[in-house]
Engineer: 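Structure below; questions to follow.
The sequence lines fix the lettering, A, B, ..., with proteins before strands; numbering per chain opens at 1. In this text, all values refer to a predicted model and were calculated from it rather than measured experimentally.
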2 protein chains.
Amino acid sequence: MAQDGVDLETSVGYLLKEAASALRAEMEAVLRPLGMTVTHYSCLELLAQRPGLSNSELARGAFVTRQSMNVLLQALERDGVVSRPVEGRVGKVLPARLTERGRRSLAQASAAVRSVEVRMLFGMTEEEQSGARRLLRSMIASLREADDGGRQP
Amino acid sequence: MAQDGVDLETSVGYLLKEAASALRAEMEAVLRPLGMTVTHYSCLELLAQRPGLSNSELARGAFVTRQSMNVLLQALERDGVVSRPVEGRVGKVLPARLTERGRRSLAQASAAVRSVEVRMLFGMTEEEQSGARRLLRSMIASLREADDGGRQP
DNA sequence: TGCGCCATGTCAGAAGTCTGACATAGAGTC
DNA sequence: GACTCTATGTCAGACTTCTGACATGGCGCA
């Protein structure tokens, strides 16, 4: 194949990208049989844990733009998985909720995704896992630090 | 905004996604003024560290499909940043290299991206950084473990 | 030699996401 | 009240990436 002279794999940034990419690939693999994408699943999981989130809040939680989430929400609403009754409108904000069908759909997906996360953490002690959480939170905070706040997504 | 009853932020998977997303956003922010996307930069950086990589190898290194990398490579070749001389062909494999212009283009981008990574790691000791590398490598290995190998990307 | 098998390069179309833009609603200020 | 500022929902178009497909080249094995 190719010469492995320089080792790119010592960069935390690259490893972070690699890990996130591997996680995403495995999630896609288990979600595909259910006819679901990762963002699709993320949206449902967010709504299950925090009912009534708005389009923009869902977008932030799934790390996409509110425009992308809007496209997805309209499809989910059309499929009867999510409902956004106009009566619930508060100002311009239109809260979304899972339908019964959405909850059923999420149940299988949630189990599948959880098994992927379990596999990812296999071989790590409880201390290592909380260490990983702490380090990731530190990186997130540092990256967001000198931020003007008005950024998409 | 919304009620913060259930805390989604305790999942390592979610934090991983959040950190990768934040890193990508910051990289996009510093690369945009240079007229470069993240994948664009990744491709150049890979070629700088390992000259002669093929299209498929670059794709794996940048975590995209070989089809996506092919689209990008054709654009980069057209822009004179990368060259793939047909004389270098080995079987079906066509090794790619940076042109002088590509090296210049990468120089600025590389510095910008490195500063983002430094900022991300701010406040972490050397031990914590190597701990982060170890944990991320562990997650990657576990995720790839029960893998048939033939997956895109 | 001939065969199956796998990886590669490439094209074409589909799907997902993003950028840009507009109108509107709420909060704060004068 | 009038104003500005910010956040939101939404539409339209462009871009990036993916999936599917095909032909080709190297490799191992009968």
Engineer: To the nearest angstrom, how far is A:Met36 atom CE from C:dG16 atom P?
Structural biologist: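 So the two atoms are 13 Å apart, to the nearest Å.
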Engineer: Who are the salt bridge (charged side-chain N to carboxylate O under 4.0 Å, His left out) partners of A:Arg134, not counting sequence neighbours?
Structural biologist: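 Checked A:Arg134 against salt bridge (charged side-chain N to carboxylate O under 4.0 Å, His left out); matches are B:Glu128.
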Engineer: Verify the contact: side-chain N or O of A:Thr37 to OP1 or OP2 of C:dG16, cut-off strictly under 4.0 Å; return yes or no.
Structural biologist: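 A:Thr37 to C:dG16 OP1/OP2: no side-chain N or O under 4.0 Å.
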Engineer: For B:Phe63 and D:dT16, give me the distance from atom CZ to atom C1', rounded to whole Å.
Structural biologist: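 Distance, rounded to whole Å: 18 Å.
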Engineer: For B:Met69 and C:dG9, give me the distance from atom CE to atom C1', rounded to whole Å.
Structural biologist: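 Checked: the CE to C1' distance equals 14 Å.
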Engineer: Figure out the CZ/C1' separation between A:Arg24 and D:dC18, and round it to whole Å.
Structural biologist: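 Roughly 11 Å, once rounded to whole Å.
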Engineer: If you compare every side-chain N and O of B:Ser54 against the phosphate oxygens of C:dT8 (OP1, OP2), does one of them come in below 4.0 Å?
Structural biologist: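 The answer is no; no side-chain N or O of B:Ser54 sits under 4.0 Å from OP1 or OP2.
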Engineer: Quick one: does B:Ser115's side chain have a donor or acceptor within less than 3.5 Å of a partner on B:Ala112's backbone?
Structural biologist: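 At least one qualifying donor-acceptor pair exists.
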Engineer: Starting at NE2 of B:His40 and ending at P of D:dT17, how long is that distance when rounded to a whole Å?
Structural biologist: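 About 11 Å, once rounded to whole Å.
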Engineer: Hydrophobic clusters here meaning ILVMFWY residues chained together by side-chain heavy-atom distances under 4.5 Å, can you tell me if B:Leu73 and B:Leu94 are in one?
Structural biologist: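 Cluster IDs for B:Leu73 and B:Leu94 differ.
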Engineer: Grab the N/O contacts between the protein and nucleotides 2-4 of chain C below 3.5 Å, and write none if there aren't any.
Structural biologist:
none

Engineer: Compute the bend angle of the helix from C:dT1-D:dA30 to C:dC30-D:dG1 from the end axes (five pairs per end), rounded to 10°.
Structural biologist: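 Angle reported: 30°, given to the nearest ten degrees.
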Engineer: Any non-hydrogen side-chain atom of A:Val82 less than 4.5 Å from a side-chain atom of A:Leu98?
Structural biologist: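 Yes, their side chains come closer than 4.5 Å.
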Engineer: Between C:dC18 and A:Ser68, is there an OP1 or OP2 to side-chain N/O distance shorter than 4.0 Å?
Structural biologist: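 Yes, A:Ser68 has a side-chain N/O under 4.0 Å of OP1/OP2 on C:dC18.
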Engineer: Is it true that A:Arg103 and A:Glu100 have a side-chain N and a carboxylate O under 4.0 angstrom from each other?
Structural biologist: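 Counted as a salt bridge, because a side-chain N and a carboxylate O are separated by less than 4.0 Å.
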Engineer: Using 0.5 Å steps for rounding, measure from the CZ atom of B:Arg66 to the CG atom of B:Leu58.
Structural biologist: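 Reported value, rounded in 0.5 Å steps: 13.5 Å.
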Engineer: Any chance you could lay out the side-chain contact (heavy atoms from CB on, under 4.5 Å) test for B:Val113 and B:Glu45, step after step, and finish with the verdict?
Structural biologist: CA-CA 10 Å; B:Val113 169; B:Glu45 185 73 57; over 6 Å; no
Engineer: Output one line per pair: protein atom, nucleotide atom from nucleotides 23-28 of chain D, and distance, for all N/O pairs under 3.5 Å.
Structural biologist:
residue, atom, partner, partner atom, Å
D:dA23, N3, B:Lys92, NZ, 3.4
D:dT24, O2, B:Lys92, NZ, 3.4

Engineer: For the pair made of CG in B:Leu72 and P in C:dG9, what is the distance, rounded to whole Å?
Structural biologist: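 B:Leu72 atom CG is separated from C:dG9 atom P by 14 Å.
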Engineer: In whole angstrom, give the distance that lies between atom CZ of A:Arg60 and atom C1' of D:dG9.
Structural biologist: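 A:Arg60 atom CZ is separated from D:dG9 atom C1' by 13 Å.
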Engineer: Choosing from C:dT17, D:dC18, C:dT8, which nucleotide comes nearest the side chain of A:Val71?
Structural biologist: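 In terms of side-chain proximity for A:Val71, the closest of C:dT17, D:dC18, C:dT8 is C:dT17.
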Engineer: Do A:Arg133 and A:Ser130 touch side chain to side chain, with heavy atoms closer than 4.5 Å?
Structural biologist: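 A side-chain contact under 4.5 Å exists here.
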Engineer: Do A:Glu57 and A:Arg50 sit within salt-bridge range, that is, some charged N less than 4.0 Å from a carboxylate O?
Structural biologist: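 Judged by the 4.0 Å cut-off on N to carboxylate O distance, A:Glu57 and A:Arg50 do not form a salt bridge.
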Engineer: Once rounded to the nearest 0.5 Å, what's the spacing between atom OG1 of A:Thr39 and atom CG of A:Leu44?
Structural biologist: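 It is 11.5 Å, given to the nearest 0.5 Å.
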Engineer: Considering only residues two or more places apart or on different chains, which pairs with a residue in residues 86-96 of chain A satisfy side-chain hydrogen bond (donor to acceptor under 3.5 Å, both in side chains)?
Structural biologist: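 Pairs touching residues 86-96 of chain A that pass the test: none.
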Engineer: Rounded to the nearest Å, what distance is computed from the CD atom of residue A:Glu57 to the P atom of nucleotide D:dG9?
Structural biologist: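 The distance from CD of A:Glu57 to P of D:dG9 comes to 8 Å, rounded to the nearest Å.
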Engineer: Side chains of A:Arg60 and A:Ser56: any donor to acceptor distance under 3.5 Å?
Structural biologist: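 Distance-only check fails for A:Ser56 and A:Arg60.
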Engineer: Please state whether the phosphate of D:dT16, meaning OP1 or OP2, lies under 4.0 angstrom from any side-chain nitrogen or oxygen of B:Thr39.
Structural biologist: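 For D:dT16, neither OP1 nor OP2 has a side-chain N or O of B:Thr39 closer than 4.0 Å.
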Engineer: Can you find a pair of side-chain heavy atoms, one from B:Glu77 and one from B:Arg84, that are under 4.5 Å apart?
Structural biologist: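 Yes, side chains in contact.
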Engineer: Tabulate atom names and distances for all N/O pairs under 3.5 angstrom spanning the protein and nucleotides 10-14 of chain C.
Structural biologist:
residue, atom, partner, partner atom, Å
C:dT10, OP2, B:Asn70, OD1, 3.1
C:dT10, OP2, B:Arg84, NH1, 3.1
C:dC11, OP2, B:Gln74, NE2, 2.9

Engineer: Taking the side chain from B:Arg97 and the backbone from B:Pro85, do they hold a donor-acceptor pair closer than 3.5 Å?
Structural biologist: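 Flag not set: sc B:Arg97 to bb B:Pro85 has no pair under 3.5 Å.
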